[in-house]
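A short write-up of the structure that comes next.
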Amino acid sequence: MTKVTMTVNGKAVSGEVEGRTLLSSFLREGLGLTGTHVGCDTSQCGACVVHVNGKAVKSCTMFAADASGADVRTIEGMANPDGSLGTVQQAFQDHHGLQCGFCTPGMVMSAAALLAENPKPSEADVRNYLEGNICRCTGYHNIVKAVLAASGQDVSKIAAE
Ligand code: FES
Ligand code: FES
């Protein structure tokens, strides 16, 4: 077992992990942060995306030990300090960017990482960036609309679906 320490959503945390423990497992089972979803464990679906040192990472592709010392943010860390939904979360709600919600934590984390890199993305930029996030429900249209709205762009001319 290896001791890991990291900052998760602004708090210092530590735990004992096996070398093969995935970051997704450490977050969910070690820290109880079950907002990070695991849909495949094989790097396909993107439900497990978190931020590691500000970059979107599929947490099922990273060993917890390799995240030791890192600054990690999960969906639980995306709300505003007063507990209200953060900008990207609110846009998903406002524009019906979710149905069952399984993919949503990963979508929100990927979208937030995109907007940090590219504050005014085009529709093509959003579709391209979210290519690694699979949604079985929405057909993606409203997710893309929500991300554009979260960037402050006028989405009133984009048809509802
Ligand atoms: S659970 Fe990590 S990509 Fe699907
Ligand atoms: S909302 Fe159901 S998988 Fe995306």
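The shown structure was predicted, so the numbers you read here are calculated from the model rather than taken from an experiment. When reading the values below, keep in mind they use all heavy atoms of this one structure, side chains included, and skip hydrogens, waters and symmetry mates.
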> Would you say the side-chain atoms of D71 and T7 include a donor-acceptor pair closer than 3.5 Å?
Replying inline: no
> Any idea which heavy atoms bring C48 and S59 closest together, and the distance?
Replying inline: O-OG, 2.7 Å
> Which heavy-atom pair separates G39 from A47 by the least distance, and what is that distance?
Replying inline: N-CB, 4.2 Å
> Nearest heavy-atom pair of G97 and I143: which atoms, and what distance?
Replying inline: O-CG1, 3.2 Å
> Taking only residues two or more places apart in sequence, or in another chain, which ones meet E16 in a salt bridge (charged side-chain N to carboxylate O under 4.0 Å, His left out)?
Replying inline: none
>> As a quick check of understanding, evaluate side-chain contact (heavy atoms from CB on, under 4.5 Å) for M107 and V49, giving each step before the final call.
In response: CA-CA 8 Å; M107 287 288 184; V49 170; over 6 Å; no
> Within the side chain of E117, is there an N or O that forms a donor-acceptor pair under 3.5 Å with the backbone of L114?
Replying inline: no
> Salt-bridged, E123 to R127, with N to O below 4.0 Å?
Replying inline: yes
>> Main chain of A70, side chain of N53: is a donor-acceptor contact present, judged purely on distance under 3.5 Å?
In response: no
>> With heavy-atom distances below 4.5 Å as the criterion, would you say the side chains of T61 and L23 are in contact?
In response: no
> Quick check: does any side chain N or O of K58 sit under 3.5 Å from a backbone N or O of S43, one acting as donor and the other as acceptor?
Replying inline: yes
> In Å and rounded to the nearest 0.5 Å, what is the OG to CG distance from S110 to N133?
Replying inline: 3.5 Å
>> Please tell me whether V52 and V4 are part of a single hydrophobic cluster in this structure, the criterion being side-chain heavy atoms less than 4.5 Å apart.
In response: yes
>> To the nearest 0.5 Å, what is the distance between OH on Y129 and CG on N118?
In response: 9.5 Å
>> Between H51 and V57, does the side-chain contact (heavy atoms from CB on, under 4.5 Å) criterion hold? Intermediate values first, please.
In response: CA-CA 6 Å; H51 296 174; V57 168; over 6 Å; no
>> Give me the atom names and distance for the closest heavy-atom approach of Q153 to P121.
In response: NE2-O, 2.7 Å
> According to a 4.5 Å side-chain heavy-atom criterion applied to Ile, Leu, Val, Met, Phe, Trp and Tyr, with indirect links allowed, do I134 and L98 form part of one hydrophobic cluster?
Replying inline: yes
> Within a radius of less than 6.0 Å around CZ of R73, do more than 12 heavy atoms belonging to other residues, nucleotides or ligands occur?
Replying inline: no
>> Using the rule given for side-chain contact (heavy atoms from CB on, under 4.5 Å), can you reason through F92 versus V108, listing the C-alpha separation, both sets of side-chain angles and the distance that settles it, and then say yes or no?
In response: CA-CA 8 Å; F92 270 66; V108 167; 4.2 Å; yes
>> For V88, is there any backbone N or O sitting under 3.5 Å from a side-chain donor or acceptor partner on Q90?
In response: no
> What pair of heavy atoms forms the shortest contact from P105 to G101, and how long is it?
Replying inline: CD-O, 3.4 Å
> Excluding sequence neighbours, so at least two apart, what forms salt bridge (charged side-chain N to carboxylate O under 4.0 Å, His left out) with R136?
Replying inline: none
>> If we ignore hydrogens and angles and just use 3.5 Å, is the side chain of H95 paired with the main-chain N or O of A149 as donor and acceptor?
In response: no
> Just by distance, do the side chain of T21 and the backbone of V17 share a donor-acceptor pair under 3.5 Å?
Replying inline: no
>> Taking the side chain as everything from C-beta on, heavy atoms only, tell me whether S25 gets closer than 4.5 Å to L22.
In response: yes
> Are side-chain heavy atoms of Y140 and L130 found at a separation under 4.5 Å?
Replying inline: no
>> Between S68 (side chain only) and A65 (backbone N and O only), is there a donor and an acceptor less than 3.5 Å apart?
In response: no
> Same cluster or not: are M109 and M62 linked, directly or through other Ile, Leu, Val, Met, Phe, Trp or Tyr residues, by side-chain heavy atoms under 4.5 angstrom apart?
Replying inline: no
>> If we check side chain to side chain contact (heavy atoms under 4.5 Å, CB included) with K145, which of these qualifies: I158, D94, V126?
In response: I158
> Any donor-acceptor pair under 3.5 Å linking the side chain of N9 with the backbone of T74?
Replying inline: yes
> Looking at side-chain heavy atoms only, is the closest gap between L33 and R28 below 4.5 Å?
Replying inline: no
>> So, using ring pair (Phe, Tyr, Trp, His ring centres under 6.0 Å) as the criterion, who are the partners of H37 when residues are at least two apart?
In response: F102
>> Are more than 12 heavy atoms, taken from residues, nucleotides or ligands other than K120, located less than 6.0 Å from that residue's NZ atom?
In response: yes
> So, for S151 and L115, which heavy atoms are closest and what is the spacing to 0.1 Å?
Replying inline: CB-CD2, 3.7 Å
> According to a 4.5 Å side-chain heavy-atom criterion applied to Ile, Leu, Val, Met, Phe, Trp and Tyr, with indirect links allowed, do L27 and V38 form part of one hydrophobic cluster?
Replying inline: no
> Linking I/L/V/M/F/W/Y whenever any side-chain heavy atoms sit under 4.5 Å apart, do L85 and M78 land together?
Replying inline: no
> With a 3.5 Å cut-off and no angle check, do the side chains of S84 and N80 form a donor-acceptor pair?
Replying inline: yes
